2 protein chains.
Amino acid sequence: MIRVLLVDDHPLFREGLKHRLSLDDSIEVVGEAENGKQALELIKSLEFDIVLMDINMPEMDGMYVLELIKEQDIDYKVLMLSMHDNKEYILGAMRHGANGYILKDVPGKELIVAIKKVISGKSYFSSEVTEILSKELAGEQRGIVTRREQLVLRLISQGLSNKRIAQEINVSVRTVETHKRNIKQKLGIDSTMGLMRYAIDYGLDR
Amino acid sequence: MIRVLLVDDHPLFREGLKHRLSLDDSIEVVGEAENGKQALELIKSLEFDIVLMDINMPEMDGMYVLELIKEQDIDYKVLMLSMHDNKEYILGAMRHGANGYILKDVPGKELIVAIKKVISGKSYFSSEVTEILSKELAGEQRGIVTRREQLVLRLISQGLSNKRIAQEINVSVRTVETHKRNIKQKLGIDSTMGLMRYAIDYGLDR
DNA sequence: CTAAAACTAAGTATAAACACGTAGATAAAA
DNA sequence: TTTTATCTACGTGTTTATACTTAGTTTTAG
């Protein structure tokens, strides 16, 4: 029996997932959390085999939880779920050791296939995801937005000024400027507004 | 038996919805569509009592479909679903004659209550929604964004700088600044980012 | 252990955005 | 025909952002 821990902030989505997973007799949902904090508590107290986790969540997002999980001794399997096929997310998830990454709108069977593959020790990335990755890699290690830069990007997308961002993450305004400049250069975008648009389009906001 | 037509672009969400609705014996999902176009076809060919429709969808969004539905002779009941509690959406839905508007993260029972209320001829707007509306109406008839301002707003949403916008519409940068200032004042938004979100949410972009 | 990458931050000068007030020209409505 | 709304735009002063360079410190990977 594969014991699954669900982490997603939308109750309806969780229900949809549960329903899908219930179609397979060897899978069982043993816990649910609606944000990262809850997830971490459950991870400590619960026995399970795999975490199925959304990236975009309020309170504490999935990417961060992934990081924390993978820093622990026990190697829990983590399958990331996302609405977005943006490369920053995908690369971020891979960098932090996710065992798989699938988009939320994949057909139902694929989800179960993915879980079983991950449980068997392999990794699973849905075809849309691998396609994006290959395009990225084809362009040779082009600038990857680093974690710190992603953070700054998210704050930019929330409409904060350099000054506010600097206060928020306790660095100098000049540092924020530097990060911003590097992000622009990496993404080939030349205006702050363009960055905002990018962040919104690719779901890096909120 | 209440026959429901589901319209949402996310299969998982539809499954979650179906699961919830299946908890009530008097409700039955008779059709599903994943975008506005499909929905319109089903509406022509199918018999049903109420449409449960998401606003944000690719291809053809829910707001436009609502408009088309309400222009027809038969008065179909329409309950709008949305991730966003943004007032333009809510007001837009009301203006186009939606019978209800609820947020996607409401508890499961509320959805069923809402459907039954709408079927009985009443309207249903969830509490978060009515709260936002009351705030809006308290401020009475605030300024309407003019055509020119809408144009500027659209360009802002595309991430253009004041300078670029000025070039685009052949006016001085100062004029753009003035428009921007007026828009902000009218909408009660004080950041350019807020304007962008407004434009994107309201579909003024692209 | 060493090299590379990431994070930090400053100097200096220029450019852009914003706030607030004001106002002429023109088009639309009463 | 007045009145009103809209579109246009300037002045002035302040704040913020950017361009381009350089560089110390820390972390990560080979």
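Here is how names work: the chains are called A, B, and so on, in the same order as the sequence lines, proteins then strands, and each is numbered from 1. Just so it is clear, the structure is predicted and the values come from calculations on it, not from any experiment.
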Can you check whether A:H179 has a side-chain N or O nearer than 4.0 Å to OP1 or OP2 of C:dT8?
yes
OP1 or OP2 of C:dT8 sitting under 4.0 Å from any side-chain N/O of A:T175?
no
Could you tell me the separation between the [atom1] atom of [X] and the [atom2] atom of [N], rounded to a whole number of Å?
{"X": "B:R148", "N": "C:dT26", "atom1": "CZ", "atom2": "P", "value": "15 Å"}
{"X": "A:E149", "N": "C:dC7", "atom1": "CD", "atom2": "P", "value": "6 Å"}
{"X": "B:Q185", "N": "D:dA5", "atom1": "CD", "atom2": "P", "value": "13 Å"}
{"X": "B:I189", "N": "C:dA19", "atom1": "CD1", "atom2": "P", "value": "13 Å"}
{"X": "A:R147", "N": "C:dC7", "atom1": "CZ", "atom2": "C1'", "value": "11 Å"}
{"X": "A:N170", "N": "C:dT8", "atom1": "CG", "atom2": "P", "value": "10 Å"}
{"X": "B:L151", "N": "D:dT6", "atom1": "CG", "atom2": "P", "value": "15 Å"}

My understanding is that only residues two or more places apart in sequence, or in another chain, count here; which of them pass side chain to side chain donor-acceptor pair (under 3.5 Å) with A:E32?
A:R14, A:K18
Is the B:Y76 ring parallel, tilted or perpendicular to the B:F48 ring (thresholds 30°, 60°)?
parallel
Take the C1' atoms of the five end pairs on each side of the helix from C:dC1-D:dG30 to C:dA30-D:dT1, derive the two axes, and give their angle rounded to 10 degrees.
60°
Given side chains that start at C-beta, do those of A:R148 and A:I169 come closer than 4.5 Å, heavy atoms only?
yes
Any side-chain heavy atom of B:V65 within less than 4.5 Å of one from B:V7?
no
Quick check: are there more than 12 heavy atoms from other residues, nucleotides or ligands sitting under 6.0 Å from CZ of B:R164?
no
List the steps, then state whether salt bridge (charged side-chain N to carboxylate O under 4.0 Å, His left out) holds for B:E177 with B:R174.
CA-CA 5 Å; B:E177 285 172 1; B:R174 314 308 303 281; 3.1 Å; yes
Qualifying residue for side chain to side chain donor-acceptor pair (under 3.5 Å) with A:E149, from A:K180, A:H179, A:K186
A:K186
Nucleotide by nucleotide, 5' to 3', does protein get under 4.0 Å of the base (B), only the sugar-phosphate (S), or neither (-) in nucleotides 17-26 of chain D, counting heavy atoms?
SBBBB-----
Scanning both residues in full, the closest heavy-atom pair of B:R20 with B:I112 reads O-CD1, 3.7 Å
Checking B:K104 against A:F13 for the side chain to side chain contact (heavy atoms under 4.5 Å, CB included) test, could you report, in this order, the C-alpha distance in whole Å, the side-chain angles of both residues, the deciding distance, and whether it holds?
CA-CA 10 Å; B:K104 277 187 172 176; A:F13 239 108; over 6 Å; no
